[in-house]
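Model, not experiment: these values are computed from the prediction. Within every chain, numbering begins at 1; the chains are lettered A, B, ... in the order of the sequence lines, protein sequences first and strands thereafter.
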Amino acid sequence: MTQERYNPQAIEEKWQARWREEKSFAITHESDKPKYYVLEMFPYPSGNIHMGHVRNYSIGDVVARCKRMQGFNVLHPMGWDAFGLPAENAAIKHHVHPAQWTYANIDNMRAQLQRLGYSYDWSREIATCRPEYYRWEQMFFLRLLEKGLVYRKKAPQNWCPSCHTVLANEQVIDGLCWRCDSRVEQKDLTQWFLKITAYGDELLADLSLLEGGWPDRVLAMQRNWIGKSTGATVSFALEKAVEGASAIEVFTTRPDTLFGVTFMTLAPEHPLVEKLLEGYEKADEVRAFAERIRNMDRLDRQSDNLEKEGVFTGAYALHPFTGQRVPLWLGNFVLADYGTGAVMGVPSGDQRDFEFARKYDLPIRVVVQPRGENLDPASMTEAWSGPGVMVNSGAFDGMDNETGKKAVTDRLEQEGKGRSTTQFRLRDWNISRQRFWGAPIPVIYCDQCGVVPEKEENLPVLLPLDVKVREDGRSPLPETPAFANCACPRCGGPARRETDTLDTFVESSWYFARYTDARDDKAPFSPDALRYWLPVDQYIGGVEHAILHLLYSRFFTKALRDLGFFPQGLAEPFTNLLTQGMVLKDGGKMSKSKGNVVDPTEMINKYGADTVRLFCLFAAPPERDFDWSDSGIEGASRFLARVWRLFTEEEDRLLPIKACGSAAADATSAEGRDLRRKEHLTVKKTGEDMGARFQFNTAIAAVMELVNAMYLSREKLGRGEADKRVFSSAMATVLTLLSPITPHLCEELWQRLGHPAPLADEPWPQWDEAATFQDMITVALQVNGKLRGTLETAAGADKAALEQAALADPAVQRHTNGLTVRKVVVVPGKLVNIVAN
RNA sequence: GCGAGAGUGGCGGAAUUGGUAGACGCACUGGACUUAGAAUCCAGCGCCUAUGGUAUGGGGGUUCAACUCCCCCCUCUCGCACCA
């Protein structure tokens with residue numbers, strides 16, 4: 001026996017160098033094997049990796065290595081989401097150029113990732129800030145523009161005063177900037193938009209394709225965000241037509257309650273407000289109200305406990321069916337940018353309208369009531385929005401209200417007073433950013449020709465790097481003449497370039513596809529490679545992207561398909577999604593300000609990469625948050641040292657055989673049979689846990705059990721060839737099963753066993769059903785469902801024998817003494833339950 | 001309010017088809033080895049009034065048998081929230 005300490009540092013460097021030099025994980029799409037594309041969300045190159053990255057990428061690496069061993073041609077790439085604000089902020093703070101800062105960070109983080117031994121195909125590495133990448137994005141922009149999926153419009157936009165840029169709706173969280181938590185303001189700006197709403201229906205419908213593959217809550221969040229509502233747009237004629245309008249339209253999901261309309265409420269921003277007020281004696285009061293509401297902070301205006309307020313405009317519309325006069329009010333709760341910016345008021349059927357009507361003493365007219373009940377407007381305390389029968393609704397009386405929705409809409413359509421309508425909560429995606437460190441938008445403004453797209457052959461529009469970043473954070477591009485001034489691609493005259501850059505979420509919306517053909521300088525992708533690799537089979541990342549990045553990528557997939565870049569049959573980019581939990585410390589998020597950050601590099605220095613990987617996977621199932629534990633990682637380290645010790649101490653009896661490499665004939669002793677059975681059962685369990693269920697914690701636990709069994713058996717097992725084979729096979733199995741998780745240690749010991757080829761190229765072991773059979777088993781003995789004893793019995797014992805043995809058991813007899821046995825339930829191989837009273 | 005998920009020892013967590021609850025690990029306790037410590041090894045470890053009783057957030061139900069299925073309730077986390 002030799003004593004030898006496990007020393008990860010030397011081993012890990014050795015294998016990492018080898019993987020790098022031999023390009024061990026580079027692959028092509030020319031392969032007979034089935035493909036498997038596993039992808040982890042690429043990082044922003046902030047400077048250093050944190051534990052969240054380690055967890056994310058360790059999960060991905062186990063999947064990649066495991067699938068590779070299970071016979072798949074695995075694409076497992078890595079890159080950098082490299083444009084974005086932090087680079088500019090760092091530039092201001094440290095007086096380095098954003099590009100320099102970004103590339104230095106990439107170099108640093110790449111080295112950190114390589115120290116963790118991840119099996120990436122580094123030949124496919126991308127950085128989105130390189131022209132070789134963003135040139136294709138500029139091309140997509142032009143094609144989308146051509147197709148009408150990009151447009152320019154002036155509208156109130158989310159403006160972050162601290163970041164000096166607009167934000168997409170998805171980037172405003174509770175009224176605050178997603179990056180810096182500043183209060184978002186509204187600002188009228190002309191911006192470029194991607195028409196994601198054109199895909200609203202498809203984005204919603206295709207979520208059903210992802211059921212089972214994506215977590216339910218992510219699907220729910222997307223559904224929610226898209227927010228499809230079906231109903232009708234109804235036109236109410238104005239009693240007195242105003243300039244440019246003779247009617248006001250409302251959107252409703254409840255056309256069945258149309259006869260209950262007793263007023264109408266307009267958003268203070270509604271374009272007709274000023275015209276409706278003409279000649280009204282209290283117009284100034286109304287104007288003041290509208291002004292006050294319009295100027296309210298958006299956050300306050302959307303808050304929970306904002307009291308509903310309104311004011312009568314003096315104007316009336318006419319009910320489309322009854323011709324009754326409907327007073328027009330302004331209301332602080334009506335959203336200008338949803339539906340038509342005006343809603344019909346049905347106090348009997350809508351709680352908000354009910355409260356509004358009570359407050360301002362407006363009439364309440366019951367039009368839908370629960371079957372068998374009579375609602376009385378005078379005594380009602382809340383609106384009835386449930387199902388029921390239509391009343392006070394003319395020809396529709398007596399109709400079920402669900403049927404009524406369609407019937408009323410049909411009649412509106414016949415009379416030209418309305419139409420069936422679908423509304424989305426989803427808004428088009430503002431992709432303009434007033435920032436420097438981003439991909440230039442390839443558009444030119446010419447006094448003669450107007451807005452002119454750059455010519456495709458002139459791409460890329462290079463982001464100039466010889467620019468000094470402004471101290472105030474504003475983009476230097478507008479005042480960089482070499483960039484901003486240009487010739488009009490159409491008339492050749494002097495023109496100005498668009499100086500806004502693209503939202504960085506545009507880059508991350510298609511990067512997964514670029515990996516399939518990352519070095520192509522003739523086209524964004526090779527169609528063959530795309531057809532082979534897409535979609536991504538397993539995507540892994542944080543749930544914080546449940547809407548933002550994942551929605552945008554889904555949209556891009558559909559849009560690029562319709563532009564002819566992606567295969568026609570491709571509907572969704574990511575078939576399966578795993579949202580990994582966060583790594584916490586002391587129950588909270590790690591943060592510099594709290595001083596509870598655990599630095600992966602320190603941990604690698606102390607314990608080695610294998611231990612860090614092992615602990616991240618063992619601590620909890622991947623979806624769940626877990627609390628970093630300093631004693632927990634000690635345990636992981638201890639286990640690997642234990643494997644190392646077992647190997648080195650028993651090296652003299654280890655034969656160079658492979659996992660599951662012993663024969664049934666080798667396991668002649670009870671010890672041998674037991675160990676061999678445990679070995680095969682472990683292969684069975686880890687294969688399922690690691691390759692299918694992604695429950696790495698239980699897979700690791702199973703291997704730990706096998707190692708424990710080996711420790712217990714080593715004294716009892718003999719040193720004959722057959723026993724050596726049984727023991728060696730178990731050792732080979734431990735190394736093979738553990739290799740996706742702790743590849744360095746496993747490769748090292750594998751090589752030391754005398755195997756010339758690396759473990760990474762080994763096939764996943766095959767377990768043998770026959771090896772898992774047991775002659776004698778333990779059966780539970782229950783009396784009235786309570787465990788009273790156990791029984792050692794032959795595995796094949798039949799029901800009658802089991803029943804007899806159970807009834808003869810002393811413990812059972814003690815508990816059935818004086819009782820009459822009514823029934824005996826025998827589950828062969830499991831238990832016997834005696835029912836007695 | 002709506003939607004999703006969760007609730008099991010001192011802690012992280014197992015229990016995949018309803019069939020011996022607490023695998024595996026952490027922490028802890030005792031022992032061995034040691035001048036001592038570290039490391040390692042062995043043993044113990046849900047709770048209690050302990051040959052038994054009791055226990056998977058609480059209450060009911062189905063069943064020979066329930067962490068698992070059904071009904072009601074409580075708590076926590078996350079997301080959305082005046083979307084007409």
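Contacts of A:Glu688 with the nucleic acid, taken as non-hydrogen atoms under 4.0 Å apart, include base atoms. Within the 4.0 angstrom heavy-atom criterion, no nucleotide atom of any strand lies near A:Arg223. The residue A:Glu623 sits apart from the nucleic acid: no heavy atom pair falls under 4.0 Å. Base engagement by A:Asp689 is indicated by at least one non-hydrogen atom pair under 4.0 Å involving a base atom. Using a 4.0 Å heavy-atom distance criterion, A:Arg788 is classed as a sugar-phosphate-only contact. The residue A:Arg624 sits close only to the backbone: its heavy atoms come under 4.0 Å of sugar-phosphate atoms, none of a base. Using a 4.0 Å heavy-atom criterion, one finds that A:Ser229 contacts the sugar-phosphate atoms exclusively. Nucleic acid contact for A:Asn332: none, since no nucleic acid atom lies under 4.0 Å from a heavy atom of the residue. As judged by a 4.0 angstrom heavy-atom cut-off over every strand, A:Thr778 is placed among the base-contacting residues. Contact annotation for A:Val703: no contact, since no heavy-atom pair falls under 4.0 Å across all strands.
The base of B:U16 is paired with the side chain of A:Lys685 by a donor and an acceptor separated by under 3.5 Å. Checked by distance alone, A:Asn833 brings a side-chain donor or acceptor within 3.5 Å of a matching partner on the base of B:C64.
The phosphate of B:G52 has OP1 or OP2 within less than 4.0 Å of a side-chain N or O from A:His815. Checking the phosphate oxygens (OP1, OP2) of B:A14, a side-chain nitrogen or oxygen of A:Asn697 falls inside 4.0 Å. Distances shorter than 4.0 Å separate none of the side-chain N or O atoms of A:Arg642 from OP1 or OP2 on B:A39.
The C1' atoms of B:A14 and B:G22 are separated by 7 Å, rounded to the nearest whole Å. Here, B:U68 and B:G18 have their C1' atoms 6 Å apart, quoted to the whole Å. For the C1' atoms, the distance from B:C76 to B:U8 is 15 Å, rounded to whole Å. For the P atoms, the distance linking B:A43 with B:U49 amounts to 28 Å, nearest Å.
Closest approach of A:Gly310 to A:Trp329, counting heavy atoms only: C-CE3, 3.8 Å.
Distance CD1 (A:Ile248) to C1' (B:A84): 15 Å, rounded to an integer number of Å.
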Self-check item: Residues A:Ile364, A:Thr262; criterion side chain to side chain contact (heavy atoms under 4.5 Å, CB included); working and verdict
Solution: CA-CA 7 Å; A:Ile364 297 175; A:Thr262 54; over 6 Å; no
Exercise. Report the C-alpha separation of A:Thr340 and A:Glu249 in whole Å, then their side-chain angles, then the decisive distance to 0.1 Å, and conclude whether the side chain to side chain donor-acceptor pair (under 3.5 Å) test is met.
Key: CA-CA 6 Å; A:Thr340 62; A:Glu249 290 195 326; over 6 Å; no
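The glycosidic torsion of B:G37 lies more than 90° away from 0, which places this base in the anti conformation.
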